[in-house]
Peer 1: 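Before I ask anything, here is the structure I am working with.
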Amino acid sequence: MEYNFKSIEEKWRAYWVENAVYKVKEDETKPKYYVLDMFPYPSGAGLHVGHPLGYIASDIYSRYKRLQGFNVLHPMGYDAYGLPAEQYAIQTGQHPDVTTKKNIARYREQLDKIGFCYDWSREVRTCEPNYYKWTQWAFIQMFNSYYDNTLQKAMPIATLIETFKTQGTEGVNAACSEELAFTASEWAAKSEKEQQETLLNYRIAYLGDSMVNWCPKLGTVLANDEVSEGLSVRGGYPVEQKVMRQWCLRVSAYAQRLLDGLDTLDWSDSLKETQKNWIGRSEGAEMQFSVKDSDIDFTIFTTRADTVFGVTFMVLAPESELVDQLTTPAQRADVDAYVLHTKKRTERERIADRSVSGVFSGSYAINPLTKEAIPVWISDYVLAGYGTGAIMAVPAHDGRDYAFAKHFDLEIRPLIEGCDVSEESFDAKEGIMTNSPCAAHAIEGGLVLNGLTIKEAIAKTKTYIKETGLGRVKINFRLRDAIFSRQRYWGEPFPVYYDANGMPQMLPENKLPLELPEVDNFLPTEAGDPPLGHAKDWKYMDYKLEMCTMPGFAGSSAYYLRYMDPTNTEALVSTKANNYWRNVDLYIGGTEHATGHLVYSRFWNKFLFDIEAVCENEPFKKLVNQGMIQGRSNFVYRIKDTNTFVSLNLKDQYDVTPIHVDVNIVSNDQLDTEAFCNWNPEYNSAEFILEDGKYICGWAVEKMSKSMYNVVNPDVIVEKFGADTLRLYEMFLGPLEQSKPWDTNGIDGVHRFIKKLWNLFYANTDTLQVTDAEPTKEELKSLHKLIKKVSFDIEHFSFNTSISAFMICVNELASLKCNKRAILSELIVLLTPFAPHIAEELWHELGNTNTVCDAAWPTLNETFLIEANAVYTISFNGKARFTIELPADMPSKEVESIALGHETTAKWMEDKTPKKIIVVPKKIVNIVL
RNA sequence: GCCCGGAUGGUGGAAUGGUAGACACGAAGGACUUAAAAUCCUUUGACUUUACGGUUGUGGGGGUUCAAGUCCCCCUCCGGGUACCA
């Protein structure tokens, strides 16, 4: 019987649905395992072959775990809110809900063809009210919480209000936007509005004025991770900096915990590193500088407190509030012009043009240690958003300060013994300090750093400024609060209305979900309000509702929790379901979410943990990043000004133009010339110069995109080779985590393998040719080698090598003409995770009536692996290792002599020949001398 | 600039410090076939030899080791992340 993948795959997919084979529920008798894919945004283009890579890997692992007896939760859903649907709506008037549903249907159809074991009864969509109810609910909880730095957790805002009433800010150690100090009576004297305004300074979800990334073209603000090199990640439009009153999440409060938590996670080092850098912890000091002839003083942040004697000027960010206060009348015009100039520049222009610019404020600051007066400058190389927006400049030991000093001819004062700062600054953090002025002028009790290493000097300076009250030790994080408002339509509405004071209030929880209203226009209103401004009666009682919507990461921050209990109307997730499934054991997805989703999710989860809504502190225990599938484009070479195309290896003889050709009409780089003529009317009458009767195309690795004609749709592969071949081939392509171009050149190999496997059962006849005879030693050895290899490889996500092992095993069994049921049925179980359709078919052909998904993973018996004259590796005194050949009678027996694999080793061993060796197959053991 | 990765045949890629190139593609030759497709068999890193075999070989240069693709140092090139973060 021929291997007919089409009918087999259709049959078993229907069977799985009918028998709800993939439906799971909590089962206390079995250990749980939670395998999650990063859910997709359903774009209009559908899936290409790159998308299923991670899904196939997680599917293999899920099925493997299930065969091992775990109760596996493996759900899928859609990240359905997003920009493309809205932009499409603006262009065509099609409601985003309509296009989103259509795209989801298409995605589902494509996913269904690949044979995944998702429990679709748990599907979530972020745009559905019964889902986003819980996004809104979480937001309300964040509004009603503040972060207590002493307890290191979120606490009810009511607790903070109570403290303000009794003792003001005395003893309060809370994460806040701005350090405030007031007494209980001052608090009591505040108006209701003032109190509300004050509380916003502490809430975890708060409305605040902050510098935001404003994208005029998209008409919305963007989070830091949505901007790259001054352009929006979606669309690539210019972004500018602007102060706006926006909803924000106090993610920065969790910076230390987000950093510490990384150590407990089984993630790749590179991903942890990326997150570490994004959180950007830096230990330093804050120091007060007073302004000469004024009562103003200001604070700077530095990690190089040791260089305080090298400060020759100060620099303020142009956006700093201090600029206005410190500018002298004489300098006013220059400063205003400079500030205006920087404001006008987009982020992109600032990045492109790194030339030194700045202006003198007219004021002088007093160095608190030396009492020296030093000029205060304003320059855009200092950022308003980091530290205090003001720095002490040490041109001798900082490259940026050095460039500035050279440009404006300011003093450069070196502090490290023997360093040369005539050409460039000395930034290295190693060397011996010198030039401490207090030593030179013999100031009593003054700080002297001479002779210390930089490290010691930093520590000593910190202690000194702390003791003298000139400053304090401070840890700064690069991680900022997340801007949470978007001026868009297609997102979650905020459960927020504005009271008579114009202050934000939360809707009562029984009014949730606050559903997204209908609008007749997806653009901003004429008054400049977001699209929700078009909604009729967008009110709660008589109060105006918030018109912004939440950003993309809102819905994706807790979706993994919702899968545990997707239809619950009383809670995000019930305690029972949460206590059973706990958190994600294995999460597979791309690295592009390292600084976005994976930070926000961890933050969101930690917050929910603090308010005891969930039982685990981290959402994703193990994370594997699948590589990207790039496109492999093909080219044909048209001879200039003709309609003649020349094959790759002959093209150098002509003057040719390379033209992208659809990879779907090329096979193994050989062009289907007939299909090419039909591909585009322009080529109807194309002529070809062939080599060896073939037209060979050139190729290049490029991004997979429509314009390069290199997009390969998985449906096409499934149609041609079947889903099992697609699954095997995607895994066979190379290591999961590595990026690689899609290239169908090798797909015949895995397809052949499946056919060979098929023939083990049918031996080219129409009936099953399986016997119940006892397997031979050789057959058992071949099978158990496979069990060992595949089990090990799956655990290590090395799917490509396990497929090689299958090929070897099937070849061996084929040459042994093995048709023993005992061997073949175990082989099928092993293959189930990789190629579930054919496994299910053959499993039933062997007479089983249950699904192969519920079979038991074969048990390894090492004794079958032992063999005379096999090569084993053993270690010598736990140190050196070498290879021996075992004599004929076997295992775990004492061996009298050994034959050494290497001549050199033999020589070296001559005087050290061990007396007795205990050999355990495939294990490293010590030799007893 | 900084932080990660990586470099192995014509190609994709295998190798707990222990016979480099598993497995697969492609290519060449052969069997079956009127022919093609499919299938099966053989060969396939390079150089050298009629042959047995020999030499060489994991981006380059050093080192550690009885033994290095693998560990250490330096260099070249490529990919990714990130950036006036003080």
Side-chain angles (χ1 to χ4, degrees), chain A residues 2 228-229 268-278 280-282 284-285 300-305 307 315 317 350-351 354 356 379-383 385-394 397-401 403-404 427 476-480 591-592 594-595 625 627-628 630 632 668-670 692 699 701 728-729 732-735 737-741 743-750 752-753 755-756 759 764 792 798 800-808 811 814 871-876 879-884 900-910 912 922-924:
Chain A
E2 279 284 294
S228 176
E229 296 187 355
S268 73
D269 288 342
S270 70
L271 194 80
K272 284 189 191 178
E273 198 61 30
T274 306
Q275 249 188 37
K276 263 182 207 162
N277 292 341
W278 186 259
R281 180 191 152 105
S282 78
I300 58 94
F301 174 76
T302 181
T303 53
R304 289 293 301 274
T307 59
V315 187
R350 264 174 95 152
I351 289 165
R354 285 284 168 82
V356 176
S379 172
D380 64 1
Y381 83 88
V382 173
L383 305 178
Y386 184 78
T388 60
I391 62 152
M392 61 179 211
V394 186
H397 303 296
D398 182 287
R400 296 156 300 182
D401 297 343
F404 194 84
D427 292 9
N476 248 327
F477 291 94
R478 207 187 77 113
L479 183 71
R480 315 288 169 77
T591 35
E592 66 272 20
T595 55
N625 291 120
M628 273 222 291
Q630 296 142 309
R632 187 181 189 276
N668 287 351
D669 290 335
Q670 188 182 336
D692 303 329
W699 60 274
V701 173
L728 285 170
Y729 188 59
F732 189 66
L733 220 43
E737 307 207 13
Q738 193 175 300
S739 285
K740 55 233 158 189
D743 174 355
T744 45
N745 284 355
I747 199 162
D748 288 333
V750 289
R752 254 171 234 159
F753 154 73
K755 285 196 274 190
K756 274 184 204 166
N759 273 328
N764 290 317
F792 182 86
S798 179
N800 54 332
T801 51
S802 40
I803 293 169
S804 296
F806 275 111
M807 292 176 173
I808 293 168
N811 279 337
V871 175
Y872 296 99
T873 303
I874 63 177
S875 74
F876 180 75
K879 225 179 138 190
R881 298 187 309 171
F882 58 94
T883 306
I884 64 163
L900 294 168
H902 302 272
E903 260 177 74
T904 45
T905 310
K907 215 176 236 172
W908 171 70
M909 285 292 294
E910 257 166 28
K912 304 178 187 176
K922 294 281 173 179
K923 277 193 185 155
I924 295 159

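Remember, it's a predicted structure, so these values are computed and weren't measured experimentally. Naming: A, B, ... by sequence-line order, numbering from 1 per chain.
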Peer 1: Give A:Leu733 one of three labels, base, sugar-phosphate or nothing, depending on what nucleic acid heavy atoms sit under 4.0 Å from its own.
Peer 2: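 Sugar-phosphate, backbone atoms only, no base.
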
Peer 1: Say you pick atom P in B:U44 and the same atom in B:A22; how far apart are they, in whole Å?
Peer 2: 10 Å

Peer 1: With syn defined as a glycosidic torsion within 90 degrees of 0 and anti otherwise, which applies to B:G53?
Peer 2: anti

Peer 1: Go nucleotide by nucleotide along RNA chain B from the 5' end; which of A:Thr303 and A:Gly734 gets its closest nucleotide reached first?
Peer 2: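 Counting from the 5' end, the first nearest nucleotide belongs to A:Gly734.
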
Peer 1: Heavy atoms under 4.0 Å, any strand shown: does A:Lys272 hit a base, just sugar-phosphate, or nothing?
Peer 2: nothing

Peer 1: Once you apply a heavy-atom cut-off of 4.0 Å, does A:Phe732 come out as touching a base, just sugar-phosphate, or nothing?
Peer 2: base

Peer 1: Select base, sugar-phosphate, or nothing to describe what A:Asn625 touches, counting heavy atoms under 4.0 Å on all strands.
Peer 2: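 No contact at all - A:Asn625 keeps every heavy atom at 4.0 Å or more from the nucleic acid.
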
Peer 1: Hey, is the side chain of A:Asn476 poking within less than 4.0 Å of OP1 or OP2 on B:C85, counting only N and O atoms?
Peer 2: no

Peer 1: Applying a 4.0 Å non-hydrogen cut-off, can you work out what A:Arg281 is touching in the nucleic acid: base, sugar-phosphate, or nothing?
Peer 2: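 A:Arg281: no heavy atom of the nucleic acid under 4.0 Å.
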
Peer 1: Mapping A:Ser270 and A:Gly385 onto RNA chain B by nearest heavy atom, which one lands closer to the 5' end?
Peer 2: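 This one resolves to A:Ser270.
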
Peer 1: Between B:G5 and B:C72, how far is it from one P atom to the other, in whole Å?
Peer 2: 11 Å

Peer 1: Using a 4.0 Å heavy-atom cut-off across all strands, classify A:Pro735 as base, sugar-phosphate, or nothing.
Peer 2: sugar-phosphate

Peer 1: Look at the rings of A:Phe806 and A:Phe753 and say which category their plane angle falls in: under 30° parallel, 30 to 60° tilted, over 60° perpendicular.
Peer 2: tilted

Peer 1: According to a strict under-4.0 Å criterion, is A:Gln738 in side-chain N/O contact with OP1 or OP2 of B:G5?
Peer 2: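 Looking at the OP1 and OP2 atoms of B:G5, neither is under 4.0 Å from any side-chain N or O of A:Gln738.
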
Peer 1: If the C1' atom of B:G10 is compared with that of B:A46, how far apart are they to the nearest Å?
Peer 2: 13 Å

Peer 1: When the P atoms of B:U8 and B:U58 are considered, how many whole Å apart are they?
Peer 2: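 Those two atoms are separated by 11 Å.
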
Peer 1: What distance, rounded to whole Å, do you find between the two P atoms, one in B:A51 and one in B:G57?
Peer 2: 23 Å

Peer 1: Using a heavy-atom cut-off of 4.0 Å across all strands, would you classify A:Val382 as base, sugar-phosphate, or nothing?
Peer 2: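 Base, at least one base atom sits under 4.0 Å.
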
Peer 1: Looking only at atom P, what distance separates B:G69 and B:G59, rounded to whole Å?
Peer 2: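 Nearest-Å result for B:G69 against B:G59 at atom P: 10 Å.
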
Peer 1: B:G79 and B:G12: how far apart are their P atoms, nearest whole angstrom?
Peer 2: 16 Å

Peer 1: C1' atom, B:C4 versus B:G9: distance in rounded Å?
Peer 2: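 Looking at atom C1' only, B:C4 and B:G9 are 29 Å apart.
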
Peer 1: With a 4.0 Å cutoff (strictly under), does any side-chain N or O of A:Tyr386 reach OP1 or OP2 of B:A86?
Peer 2: yes

Peer 1: At less than 4.0 Å, is any side-chain N or O atom of A:Arg752 found next to OP1 or OP2 of B:C25? Yes or no.
Peer 2: yes

Peer 1: How close or far is atom P of B:G12 from atom CD of A:Glu737, stated in whole angstroms?
Peer 2: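 That distance rounds to 20 Å.
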
Peer 1: Rounded to whole Å, how long is the line connecting atom CG of A:Asp398 with atom P of B:C2?
Peer 2: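 The answer, rounded to whole Å, is 14 Å.
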
Peer 1: So if I take every side-chain heavy atom of A:Asn800 and compare against B:A15, B:G13, B:A86, which nucleotide ends up nearest?
Peer 2: B:G13

Peer 1: So what does A:Asp401 hit on the nucleic acid, given a heavy-atom distance under 4.0 Å: a base, only sugar-phosphate, or nothing?
Peer 2: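 Nothing, no heavy atom under 4.0 Å.
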
Peer 1: Just checking A:Ile808: base, sugar-phosphate only, or nothing, at a heavy-atom cut-off of under 4.0 Å?
Peer 2: sugar-phosphate

Peer 1: Does A:Asn811 have a side-chain nitrogen or oxygen under 4.0 Å from the phosphate oxygens OP1 or OP2 of B:A24?
Peer 2: yes

